[in-house]
Amino acid sequence: MKIKADLHIHSCLSPCGDLEMSPRAIAARAKELSLDLICVTDHNTALNNPSAARACAAAGVRCLYGMEINTREEVHTLCYFDELEKAMELDKFIAPRLPDIKNDPEIFGDQVIVDENDIILGQHEKILSSAADLGLEELRDKVLAAGGLFVPAHINRPRNSLISQLGLLLPDEKYSAVELHKSVYLCGAARPETFDYPVISNSDAHYLNDIGLVYNEIELEDFSLSALRSALEQKSVAVKVL
């Protein structure tokens with residue numbers, strides 16, 4: 001079957017995410033756009049993943065569970081699981097590795113934890129835009145060992161990308177895929193050398209209207225992570241623009 005997937009979406013828990021980006025609103029927008037599979041990937045936390053799971057189930061949209069983790073090198077990485085428990089375990093592993101700096105919503109933005117009915121459960125106290133005290137390779141190996149997918153995010157961005165921080169993309173690293181920033185597809189930006197890595201792109205949405213602007217059309221046998229891994233390995237992915 002051919003599905004439409006947007007696997008890089010920020011909820012209201014990310015300091016850069018709009019307050020309207022509740023899991024319920026995200027799921028409703030995904031349903032409106034006929035997206036089949038989405039993932040809420042907040043910065044350095046998975047605490048809105050449980051409500052995203054329930055909101056997606058209510059809306060009839062499949063979801064993965066994940067985070068966008070900023071490593072010690074200031075490289076943003078996407079980590080995906082098809083079991084909520086594994087995403088929450090990674091959250092618990094990352095939380096104590098974040099700098100003990102209290103968020104100031106007036107400066108950095110709100111970091112709101114909500115349930116599937118948009119009820120506010122609290123705010124994340126630590127600033128989530130910081131780098132975790134964890135190296136890129138250590139994180140990669142941990143995610144892959146747990147059965148997840150590990151994808152360096154927006155590798156062509158001029159900051160917080162693998163290329164901007166380390167200077168290059170090396171072949172033969174153990175990446176499940178690499179993500180190109182949506183600008184490549186929206187405005188014809190230069191595409192970096194991606195060697196033989198599978199390539200995905202996503203909306204990296206921070207606002208409801210951005211969801212699905214760029215998405216992946218994927219040939220899947222089913223909605224399991226193993227099927228997605230196989231599709232990536234076979235490069236059965238085509239990036240599309242809304």
Side-chain angles (χ1 to χ4, degrees), residues 1-14 16-43 46 48-68 76-84 87 114-118 148-149 151 153-154 176-187 198-232 234-242:
M1 61 179 173
K2 193 169 287 186
I3 68 139
K4 295 165 62 177
D6 186 352
L7 303 177
H8 188 168
I9 299 173
H10 292 275
S11 81
C12 52
L13 180 49
S14 289
C16 50
D18 188 70
L19 284 176
E20 292 186 354
M21 291 288 278
S22 69
R24 183 169 74 165
I26 290 169
R29 179 61 174 161
K31 183 67 173 180
E32 180 184 343
L33 295 171
S34 298
L35 292 172
D36 303 292
L37 181 67
I38 65 170
C39 190
V40 170
T41 51
D42 285 312
H43 288 293
N48 268 355
N49 270 221
S51 52
R54 294 188 288 269
C56 284
V61 178
R62 302 274 187 154
C63 68
L64 296 177
Y65 312 105
M67 307 164 64
E68 182 177 14
H76 286 189
T77 62
L78 297 166
C79 306
Y80 300 119
F81 301 95
D82 60 359
E83 296 178 33
L84 178 59
V114 296
D115 70 9
E116 66 275 20
N117 297 311
D118 294 351
L149 299 179
V151 180
H154 44 61
S176 305
V178 295
E179 183 198 50
L180 294 186
H181 187 256
K182 60 188 175 185
S183 59
V184 167
Y185 302 96
L186 290 175
C187 60
V199 171
I200 64 172
S201 189
N202 301 284
S203 69
D204 193 2
H206 295 73
Y207 299 89
L208 288 175
N209 286 340
D210 290 341
I211 294 173
L213 283 180
V214 172
Y215 63 91
N216 305 284
E217 192 174 78
I218 310 172
E219 191 68 44
L220 285 183
E221 292 186 3
D222 54 54
F223 282 98
S224 67
L225 200 70
S226 60
L228 178 55
R229 182 181 292 107
S230 177
L232 290 172
Q234 298 172 26
K235 299 184 177 61
S236 298
V237 181
V239 176
K240 302 289 185 176
V241 176
L242 186 66

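Start at 1 with the first residue, then count along the sequence.
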For [X] and [Y], work out which heavy atoms get closest and say how close.
| X | Y | result |
| --- | --- | --- |
| Ser22 | Cys12 | CA-SG, 4.1 Å |
| Ser201 | Val214 | OG-CG1, 3.6 Å |
| Leu35 | Gly212 | CD1-CA, 4.2 Å |
| Tyr65 | Ala87 | CB-CB, 3.7 Å |
| Ser176 | Gly148 | OG-O, 4.5 Å |
| Ala52 | Cys63 | O-SG, 4.4 Å |

Check whether the side chains of Asp115 and Ser51 place a donor and an acceptor atom closer than 3.5 Å, and report yes or no. no
Within the distance-only criterion (no hydrogens, no angle test), does the side chain of [X] pair as donor or acceptor with the backbone N or O of [Y] below 3.5 angstrom?
| X | Y | answer |
| --- | --- | --- |
| Asp36 | Ala5 | no |
| Lys182 | Ala205 | no |
| Asp6 | Ser203 | yes |
| Asp222 | Ser224 | yes |

Please examine the side chains of [Y] and [X], heavy atoms only from C-beta on, and report whether any two atoms are closer than 4.5 Å.
| X | Y | result |
| --- | --- | --- |
| Ile9 | Asn202 | no |
| Leu7 | Glu179 | no |
| Ile38 | Cys56 | yes |
| Phe223 | Met1 | yes |
| Ile200 | Val239 | no |
| Leu208 | Asp18 | no |
| Thr41 | Tyr80 | yes |
| Asp82 | Leu228 | no |

Among residues at least two apart in sequence or on other chains, which ones pass ring-ring contact (aromatic ring centres under 6.0 Å, His included) with His10? His8, His43, His206
Could you list the residues that satisfy salt bridge (Lys or Arg N to Asp or Glu O under 4.0 Å) with [X], not counting sequence neighbours?
| X | answer |
| --- | --- |
| Arg24 | Asp118 |
| Lys235 | Asp196 |
| Glu32 | Arg29 |

Under the criterion side-chain contact (heavy atoms from CB on, under 4.5 Å), I'd like the reasoning laid out for Leu232 against Leu149: C-alpha separation, chi angles, the key distance, then a yes or no. CA-CA 10 Å; Leu232 290 172; Leu149 299 179; 4.0 Å; yes
The complete set of salt bridge (Lys or Arg N to Asp or Glu O under 4.0 Å) pairs with one or both residues in residues 51-68, sequence neighbours excluded, reads Arg54-Glu116
Supply the atom-to-atom distance [X] [atom1] to [Y] [atom2], rounded to the nearest 0.5 angstrom.
| X | Y | atom1 | atom2 | value |
| --- | --- | --- | --- | --- |
| Ser236 | Asn216 | OG | CG | 12.5 Å |
| Leu242 | Ile211 | CG | CD1 | 11.0 Å |
| Asp204 | Cys16 | CG | SG | 7.5 Å |
| Leu220 | Ile218 | CG | CD1 | 5.5 Å |

Between Val40 and Met21, is the side-chain contact (heavy atoms from CB on, under 4.5 Å) condition met? List the steps. CA-CA 10 Å; Val40 170; Met21 291 288 278; over 6 Å; no
As a quick check of understanding, evaluate side-chain contact (heavy atoms from CB on, under 4.5 Å) for Lys240 and Lys4, giving each step before the final call. CA-CA 9 Å; Lys240 302 289 185 176; Lys4 295 165 62 177; over 6 Å; no
Qualifying residues under side chain to side chain donor-acceptor pair (under 3.5 Å), relative to Asn48, sequence neighbours excluded: Ser11
For Glu217, I'd like to know if atom CD has over 12 heavy atoms of other residues, nucleotides or ligands within 6.0 Å. yes
In this structure, are over 12 heavy atoms from other groups packed under 6.0 Å from Lys31 atom NZ? no
